[in-house]
Amino acid sequence: MPELPEVETTRRGLRAHAEGRRVVSVALREGRLRWPVPPTLPEILQGQAVRSLERRAKYLLFRMDHGTLLVHLGMSGSLRVLLEPQTPAKHDHIDIELDSGAVLRYNDPRRFGSFQWFQAGEEITPLGRLGPEPLSIDFDGRRLFELSRGRKLAVKPFIMDGATVVGVGNIYASEALYLAGIRPDRAASRVSEARYELLSEHIKQVLTNAIEQGGTTLRDFVGGDGKPGYFAQQLYVYGRSGAPCKACGTPLRDKVIGQRASVYCIACQR
């Protein structure tokens, strides 16, 4: 699933091509996504200018003249820029043609993504309960410590909860917990404030590094420019079950925690 760094990579790749441009036409070839795409979306978007392209958690927000187009890439989606005509492939569901001649093409084999339209002044409901951005000043170890008191939930699903902090998905939660030396199955309430401070720093570090590397290539993810990310080359634990720990050599173990596969080192993480 594209996580925060992949979505941010996509936003940065699209931004220079989309901002300030006007929509000429929209080709809606398949609207049966996670939620049905409004059949009137081509008419709604036609003629509107993209005033800004923002990201909130794993959502892309196209701020337009009369509202916001909210896009989620789902589990397998990609949104990229085409500067030359290309025949649509099987899973190329939506094209947004801009007045520059560029086309924003949405591809989604599993169709778990979404395109939702919200009129200006309308509440963007999917963003309502989200916690702070992990790279903002609103997120730190103190917040994690305060929210975790009395929680029996394991620390990994705790930091993956969007109400705690947005965008810390399975890959980056696993990596940050490893770097902080915290077992992913430790109860959230049993982690000290000092260790949460360390964990928050590593969450910021891991996400920043991943964004700089263009995200993590898993299966068919590509950024807005159609290129894969390279952060996978730096992974310490995710996807490495049974391999030796890069720090101590102990074989890494795996365990299902909060319905997600988790890999960790029993020697380095306590």
Side-chain angles (χ1 to χ4, degrees), residues 1-9 11 34 54-61 70 72-75 112 114 123-212 215-216 231 235-238 253-266 268-270:
M1 177 184 293
E3 297 187 10
L4 186 149
E6 288 76 46
V7 179
E8 178 62 18
T9 296
R11 186 193 74 85
R34 183 175 183 181
E54 305 167 11
R55 179 193 55 76
R56 179 73 171 106
K58 299 178 186 179
Y59 290 95
L60 292 170
L61 292 84
L70 188 70
H72 195 290
L73 300 179
M75 296 185 67
F112 283 173
S114 63
E123 180 185 1
I124 303 179
T125 50
L127 308 183
R129 64 175 290 273
L130 296 179
E133 291 285 329
L135 301 181
S136 72
I137 61 173
D138 296 323
F139 172 67
D140 56 20
R142 182 65 185 175
R143 174 181 173 82
L144 292 178
F145 179 73
E146 291 178 346
L147 291 179
S148 67
R149 297 307 86 190
R151 300 289 299 274
K152 296 181 180 179
L153 181 71
V155 64
K156 185 180 179 185
F158 169 66
I159 63 173
M160 290 177 62
D161 184 349
T164 302
V165 57
V166 301
V168 184
N170 196 22
I171 300 171
Y172 305 106
S174 297
E175 295 297 299
L177 286 164
Y178 171 80
L179 292 170
I182 301 171
R183 275 185 61 133
D185 57 355
R186 176 175 285 274
S189 60
R190 293 187 59 213
V191 178
S192 68
E193 184 173 357
R195 299 191 81 191
Y196 270 130
E197 287 290 354
L198 184 62
L199 177 58
S200 68
E201 291 173 5
H202 282 299
I203 288 173
K204 292 174 184 284
Q205 173 192 328
V206 166
L207 291 174
T208 297
N209 290 345
I211 291 169
E212 291 174 352
T216 303
F231 187 72
L235 296 176
Y236 288 96
V237 290
Y238 183 86
R253 295 189 180 184
D254 65 89
K255 180 179 182 179
V256 176
I257 303 171
Q259 300 182 329
R260 304 300 294 272
S262 301
V263 181
Y264 62 97
C265 177
I266 60 169
C268 296
Q269 294 174 259
R270 299 183 182 277

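Ring-plane geometry between Y59 and H72 is classed as perpendicular, the angle between the planes exceeding 60 degrees on a 0 to 90 degree scale with a lower cut at 30.
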Check against side-chain contact (heavy atoms from CB on, under 4.5 Å), Y264 and L177: CA-CA 8 Å; Y264 62 97; L177 286 164; over 6 Å; no

Verdict with supporting geometry, E201 and K204, salt bridge (charged side-chain N to carboxylate O under 4.0 Å, His left out): CA-CA 5 Å; E201 291 173 5; K204 292 174 184 284; over 6 Å; no

Test side-chain contact (heavy atoms from CB on, under 4.5 Å) applied to F139 and V166, step by step: CA-CA 10 Å; F139 172 67; V166 301; over 6 Å; no

E6 and L73: CA distance, side-chain angles, deciding distance, side-chain contact (heavy atoms from CB on, under 4.5 Å) verdict: CA-CA 10 Å; E6 288 76 46; L73 300 179; 5.9 Å; no

side-chain contact (heavy atoms from CB on, under 4.5 Å) between L179 and V206, intermediate numbers included: CA-CA 9 Å; L179 292 170; V206 166; 3.5 Å; yes

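Among all heavy-atom pairs drawn from E8 and R11, the shortest one is OE2-NH2, 2.9 Å. When all heavy atoms are compared, the tightest approach of L4 to E133 is CD1-OE1, 3.9 Å. Taking both residues in full, the closest heavy atoms of K156 and A261 are given as NZ-O, 3.3 Å, listed atom of the first, atom of the second, then distance. Nearest heavy-atom pair across P184 and Q269 is CD-NE2, 3.8 Å. Between R151 and L147, the shortest heavy-atom distance links the atoms CG-O, 3.4 Å. Taking every heavy atom of both residues into account, P157 and L153 meet most closely at CG-CD1, 3.8 Å.
A salt bridge links R142 with E193; the closest basic N to acidic carboxylate O contact falls under 4.0 Å.
Put simply, the side chain of T208 never gets that close to the backbone of Q205: no donor and acceptor are under 3.5 Å apart. A donor-acceptor distance shorter than 3.5 angstrom exists from the side chain of S200 to the backbone of G141, with no hydrogens or angles considered. Remark: the backbone N or O of L60 is not paired with any side-chain donor or acceptor of E54 at under 3.5 angstrom. A donor-acceptor distance shorter than 3.5 angstrom exists from the side chain of E175 to the backbone of V237, with no hydrogens or angles considered. Between the side chain of R270 and the main chain of R183, no donor-acceptor pair closer than 3.5 Å is present. No side-chain donor-acceptor contact under 3.5 Å links S189 to the backbone of G150.
Distance check, rounded to the nearest 0.5 Å: CG of N170 to CD of Q259 gives 12.0 Å. Expressed to the nearest 0.5 Å, how far CD1 of I182 lies from OH of Y196 amounts to 7.0 Å. Once rounded to the nearest 0.5 Å, the distance linking CG of L70 with CZ of R56 reads 11.5 Å. Of the inter-residue distances, the one linking E3 atom CD with T9 atom OG1 reads 12.0 Å to the nearest 0.5 angstrom. One finds the OG atom of S148 at 12.5 Å from the CZ atom of R190 (value rounded to the nearest 0.5 Å).
Sparse packing is recorded around OH of Y236, with 12 or fewer heavy atoms of other residues, nucleotides or ligands lying under 6.0 Å away. Heavy atoms of other residues, nucleotides or ligands lying less than 6.0 angstrom from CZ of R34 number 12 at most. The number of heavy atoms from other shown groups lying within 6.0 Å of CZ (R143) is above 12.
The shortest distance between side-chain heavy atoms of I159 and L199 falls below 4.5 Å.
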